[in-house]
Amino acid sequence: MPPMLRTVDGRFRLWGAAMLLLALVFAIVVAPQLRVETSIFALLPADERDAGAEQAVRVYTDQLARNSVFLVGAGDFATARRAAGAFADTLKGSGRFSQVRLQVDQALAEAARADLPYRDYLLAARHREWLEQGQLQRLHDEAQRALYTPAGFMRPFNAAEDPLGLLSAFVTGQRPPTGRARLQEDVLALSGKDPAGKEMSYVLVVAQAGNSAFSVATEEAAGQAIAAARTAAAAAGGTDIVGSGVIQHAAAAVASGKREMSLFSGISLAGTVLLMLLAFRSLRPLLLTALAMAFGAIAGLTACQWIFGQVHLVTLVFGSSLIGTSVDYAIFFFADRFRQPGEWQPVQAPDFVTPGIALGYLTTALSYLALLLAPFPGLRQIATFSAVGLGVACGCVLFLLPRLARNWPVPPRALVLRLIDRLAALPRIGSPRARLLLAAAGLLFVGGGLLRLEFLDDVRALQSSPPPLIRQEIRMRELLGQSADRRFFLVRGDSPEQVLQREEALRARLAPLLADRRLGNLLAVSEALPSQQLQAANHALLAQQIYSADGLLPRLMLELGYGQDAIARQLSTFAAGSAPLQPQAFFASAASEPYRPLWLGSVAGDTASAVTLFDVNDADAVAQAAAGLPGVRLIDKLADISEVLSRYRRIAMLLIVAVYLVTGLLMSRRYGYRGAAAMLLPAFGGGALALALLAWAGVPINLFHVLALLLVMGMGSDYTIFLRESRSAEAPALLAVVLATLTAVLSFGLLGFSSTPFLRAIGLVQALGVSFAVILALLLRPARGAEQRTVAATISS
Amino acid sequence: MIRTMSRGMRRLLLSGLLLAAQLLCGNARAADAQDVFAHPLTPAQMSTLLGPAAKPLAAAPGLRGRFEQRKTLPDLPRPLLSTGEFLFARDLGVWWHTRTPFDSVFILTREGARSRDEGGAETRINADEQPGVAVAARIFFALFALDFEALSKDFDTYGVPTGTSKSTGWQVGLRPKLAAMSAVFREAVIDGTQHANRIELRDAHGDRTEILLPEVSILTDGLSAADRQRFAN
């Protein structure tokens, strides 16, 4: 050991300097660029098999996350229209949305006209099939019907522009993603029932969040803008406003995350303060503990920002409960005071508390570090934050407190002294028979529980939204009459052209499924922008069968009574040639509006696009459709998540065994094999009891419950170590353990009330497991010699 | 009966009908079609103009009659003629049976449009899934019901009375407010008395469609089962 570290003063100076540096770095470098991530996707494991796909999926989900759809409803259309106007104006005025679309009339008209210059290259699938199979009569009859019957009025192009209806069919073949909504006046509207069953008129408003990166601030602001827009719409007579979109869920998550963070840390802090004041009757230990916790938190944030580039909201919520853990070391330190209440010297305390605190931290850190093995970025952050934060807090206790702490007088009749005596008098199960009985009862309870154990590896373990938001999503789906499926096809290729060709191959496979409604609808860029290859084929078909001298067009025109010169003009216009529709022109035109979010462009060296599916009624058939198509993959994030959750739940169970073994080996160096086993028994038993209790209560177990068991091991063994290491003075250790348990159960118990399901799972298991572990540790604590005296007696002597 | 007639006879009959229709609408013809757009009307004025005349229709379950459609296209020397019969049922939709030059049934309901040809093959016209194009179906509907309140939402409305002292004739002009609609037609002129007698649709490219509705009777009773069957799938 370097000489500097050998003395209390040397360690104090070095660690103090390090902490000052840390605070400086945090204030100057980290804090200004601290980014709080809220997207639930950031918590999810990355796709390990296909990094390119993972990246493309992320680009796509990011784009989707920006879109929000609203239906503003009222009893009659005029009121709904007015309310939707107020809604859209408020959203626009907020500056939080780069695009708010209410009036669509002009855009729809432009979108249809945008295809006109490329008419010689565009064909509906049905028409192409007819031309390929030479079924010209059908096209002829269809054109005739449009000329002689009102069927012609249902076309976006009239007979003069589109005599055969080829372009009309191409345009109308693209089914928009707006479901049942139809143009009414200049907006998209639909009629439907409100929750009370009253017939209502709804007007569609589509909004796109700005291009700035997602952050807590922008999501909060967007959430506020939406709330303000709702108020404005309600004031204008809108009685039922249905919203859908990731941003609302994110805003709700931010709001509840913030609420929980302040509530949990507030209660946790207040409880800790109260306990410390009660126990130590002095402000100084409290302030010093707060100092250690603050440095721990700063270190945790800095590490997360540095390693992950951001800090997830969930980490912060979890971190707020870490207060309860980091305080343990300080409590243990100050409880040492009761070893010699009169003559306690803080500088001597490290000699007594260091082994306990260091070993305690080591086991806790070991269990947190085991979390790093799980591929969940959210968990990795929590693990990093906790291990680093606790480590620094631990260092502060060991290196700063000996210099900064002072002994302080405690009145002889203080509550805490009496409490310590009470604790020391706690019953201990010492006789082998009693221990056997306890073991048998425990085994029965745990065994019965394990038999009833149920697993549920579902995304619901990870994410939940407030029920009102979920109800709104369901209503949006019902009102629009269609819903985008969570599954979609990811199409990749080495060029835009290859992607479009691959999409076309996929769509050809999906066409029969669309025909018999096994698939409701799909949205793909290649519907509106055919590949150059297909456009060339279309052009060739048109040249050969329609615009040739004996083609369908001259024949029909002749039949209708056109003069030869008019016919010749049509043919020569086609012959004069035009250019096909190119991706660049397409994406710049109004026609591409519904398709832009699908085009992911260049991702990881490839070009990628998404094909959205609506109303998947036969999932197997849809999944089969892509089989064997190069560059096409069905992405089902939820199924992937379930699969990963279940895989890692199994791994985590093995991990627990491994961590117990490693910790046991580590401890056996100090306590021997038997001793180590005895030390781990309370933590192991506590975890098993907690798990069994959940099983008896019918709670399905997921990965996060299992991971929490790891943490129970870390914390539970802290307490046995504290008890064991303070052999010479049991009472202070008992006080420390009881205080530490109370603060830990308080903070983890609070997590049990989180709206984030996996925090809830971790909090519940931790609170139960740690409580059980401490009870076991107390019941089974090693026997004490005759030298034991009450603290009150020590003081009075 | 018409089926048994020779083609020439049918032609003759049709031109006779056409002539009769033109005579019927004589007053309307006399008013220059351009003129009507010089007389903008508010929805309230519109109902004053049409209200008394359209009263019997407003109470009736529907209309039935014959139609003749003439489509004039640029560069086409002769207009395209088609004739047939139609049935408008307020609660069901429009059934449009073209008999010449070929047999085809066009059915427009609130749910959408479909066509059935002589052979029996039915085509759903999927334009009704296009938010913009679906407007056309709604307007067609409103034209028959003389629902000018509905029409005034999608159109700027114009109108003049054309009646003599004895009859209550009117002419109404419509210009789409919607860009999506004006792609299909630029303006419409409707002449009528108790119901529409003549509808003329003009578009920006020289397409002009004139629909004459002679021999229209306003249904007084409900629809017969056979008539209802026409709308069935």
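Values below: every heavy atom of this structure, side chains too, minus hydrogens, waters and symmetry copies.
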Could you have a look at A:L560, A:D186, A:D565 and say which one has the most heavy-atom pairs with chain B under 4.5 angstrom?
A:L560
Chain A shares the most heavy-atom pairs under 4.5 Å, among B:L73, B:L80, B:T98, with B:L80
Indicate yes or no: at least one non-hydrogen side-chain atom of B:R78 is less than 4.5 angstrom from one of A:Y562.
no
Checking B:K177 against chain A: side chain, backbone, both or neither under 4.5 Å from a heavy atom?
backbone
Is it the backbone or the side chain of A:E110 that comes under 4.5 Å from a heavy atom of chain B, or both, or neither?
neither
Just by modelled atom types, is the A:L147 backbone N or O under 3.5 Å from a matching donor or acceptor in the B:Q69 side chain?
yes
A:R569 versus chain B, heavy atoms under 4.5 Å apart: side chain, backbone, both or neither?
side chain
A:M557/B:L76 under side-chain contact (heavy atoms from CB on, under 4.5 Å): CA gap, chis, key distance, verdict
CA-CA 9 Å; A:M557 286 180 82; B:L76 188 65; over 6 Å; no
Can you list everything that forms a side-chain hydrogen bond (donor to acceptor under 3.5 Å, both in side chains) with A:R555? Sequence neighbours excluded, please.
none
Sorted by chain and number, sequence neighbours left out, side-chain hydrogen bond (donor to acceptor under 3.5 Å, both in side chains) with A:D141 holds for A:Q137
Correct closest heavy-atom pair for B:P77 and A:G561 would be CD-O, 3.1 Å
Can you tell me how far the CG atom of B:D203 sits from the CD atom of A:E161, to the nearest 0.5 Å?
7.5 Å
Proximity breakdown for A:A566 and chain B, heavy-atom pairs closer than 4.5 Å
side chain
Measuring only between side-chain heavy atoms, which start at C-beta, is B:K71 closer than 4.5 Å to A:Y148?
no
Contacting region of B:D207 [heavy-atom separation from chain A under 4.5 Å]
side chain
Is A:T149 close to B:V105 at the side-chain level, that is, under 4.5 Å between some pair of heavy atoms?
no
Distance from B:F106 atom CZ to A:R145 atom CZ, nearest 0.5 Å?
10.5 Å
